[in-house]
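Note that these values count all heavy atoms, side chains included, but never hydrogens, waters or copies made by symmetry.
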Amino acid sequence: MLTEQTGRLDQKALRQLMIRLCAWRPLTGEELATLLNKKRDYLRNKHLIPMVREGQLKLRYPETAKHPHQAYVATEIAQEDRHE
């Protein structure tokens with residue numbers, strides 16, 4: 001999936017890829033940054049936080065935002081939207 005991506009992705013394509021990755025397994029911000037070759041702070045501020053607010057991703061440990069093993073998980077709604 002990642003090797004198919006060449007060049008820059010627009011916001012929608014990047015977010016769809018992030019949803020697919022987080023549906024595969026819970027991923028930390030650092031793991032996503034490495035997989036996508038992006039800076040962790042950029043992903044967190046421009047994509048991860050908004051995607052959690054919009055219900056596309058959810059926190060693995062929602063009761064503790066700064067949990068040492070915090071990771072992102074794709075929501076069922078986001079996965080369904082991806083298939084439409």
Side-chain angles (χ1 to χ4, degrees):
M1 169 172 48
L2 292 172
T3 57
E4 296 171 3
Q5 304 302 320
T6 58
R8 292 179 59 112
L9 297 174
D10 64 25
Q11 178 175 311
K12 183 177 180 179
L14 178 60
R15 289 187 176 193
Q16 289 299 319
L17 181 55
M18 292 169 66
I19 290 167
R20 288 180 68 187
L21 289 168
C22 291
W24 167 57
R25 72 173 180 87
L27 293 168
T28 67
E30 192 66 42
E31 290 171 321
L32 283 165
T34 300
L35 289 169
L36 298 169
N37 196 29
K38 303 283 184 194
K39 292 185 179 189
R40 183 179 55 91
D41 289 341
Y42 164 77
L43 280 182
R44 186 181 72 238
N45 294 328
K46 293 289 187 179
H47 299 286
L48 294 170
I49 292 172
M51 290 174 76
V52 169
R53 283 188 196 132
E54 294 165 9
Q56 296 174 314
L57 296 176
K58 62 183 177 181
L59 297 174
R60 187 173 189 185
Y61 303 100
E63 65 284 347
T64 311
K66 294 189 181 225
H67 191 283
H69 302 289
Q70 188 63 271
Y72 297 89
V73 180
T75 63
E76 290 180 26
I77 293 169
Q79 292 178 59
E80 290 171 5
D81 288 346
R82 185 172 56 89
H83 294 294
E84 291 180 357

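Here the straight-line distance linking atom CG of Leu17 with atom NE2 of His47 works out to 11.0 Å at 0.5 Å rounding. Rounding to the nearest 0.5 Å gives a distance of 7.0 Å between OG1 of Thr75 and CD of Gln56. A distance of 7.5 Å separates OG1 in Thr64 from CD in Gln70, rounded to the nearest 0.5 Å. Going from atom CG of Leu21 over to atom CG of Leu36 covers 6.0 Å, rounded to the nearest 0.5 Å.
Every residue two or more places apart in sequence or in another chain was checked for a side chain to side chain donor-acceptor pair (under 3.5 Å) with Tyr61, and none qualifies. Asp41 pairs by the side-chain contact (heavy atoms from CB on, under 4.5 Å) definition with Arg44, Asn45, not counting sequence neighbours. Taking the side-chain contact (heavy atoms from CB on, under 4.5 Å) definition, one finds that Ala33 meets it with Arg40, Leu43, sequence neighbours left out. Listed by chain and number, the residues in a side-chain contact (heavy atoms from CB on, under 4.5 Å) with Thr34 are Glu30 (sequence neighbours excluded). Partners of Thr28 by side chain to side chain donor-acceptor pair (under 3.5 Å), not counting sequence neighbours, listed by chain and number: Glu31.
Residues Leu57 and Leu59 share a hydrophobic cluster, clusters being chains of Ile/Leu/Val/Met/Phe/Trp/Tyr side chains in contact below 4.5 Å. A single hydrophobic cluster is seen to contain both Tyr42 and Met18, as judged by linkage of ILVMFWY side chains at heavy-atom distances under 4.5 Å, directly or through other members. Both Leu48 and Val52 are assigned to one and the same hydrophobic cluster, defined by single-linkage of ILVMFWY side chains at heavy-atom distances under 4.5 Å. Residues Leu35 and Ile19 are members of one and the same hydrophobic cluster, defined by side-chain heavy-atom contacts under 4.5 angstrom among Ile, Leu, Val, Met, Phe, Trp and Tyr. Met51 and Leu14 fall within a single hydrophobic cluster, where Ile, Leu, Val, Met, Phe, Trp and Tyr are joined by side-chain heavy atoms under 4.5 Å apart, directly or via other members.
When all heavy atoms of Gly29 and Tyr72 are compared, the closest pair comes out as N-CE1, 4.0 Å. Nearest heavy-atom pair, Pro26 versus Ala71, reported as atom, atom and distance to 0.1 Å: CB-CB, 3.8 Å.
Applying the salt bridge (Lys or Arg N to Asp or Glu O under 4.0 Å) test to every pair with at least one member in residues 45-73, sequence neighbours left out, gives these pairs: Arg15-Glu54.
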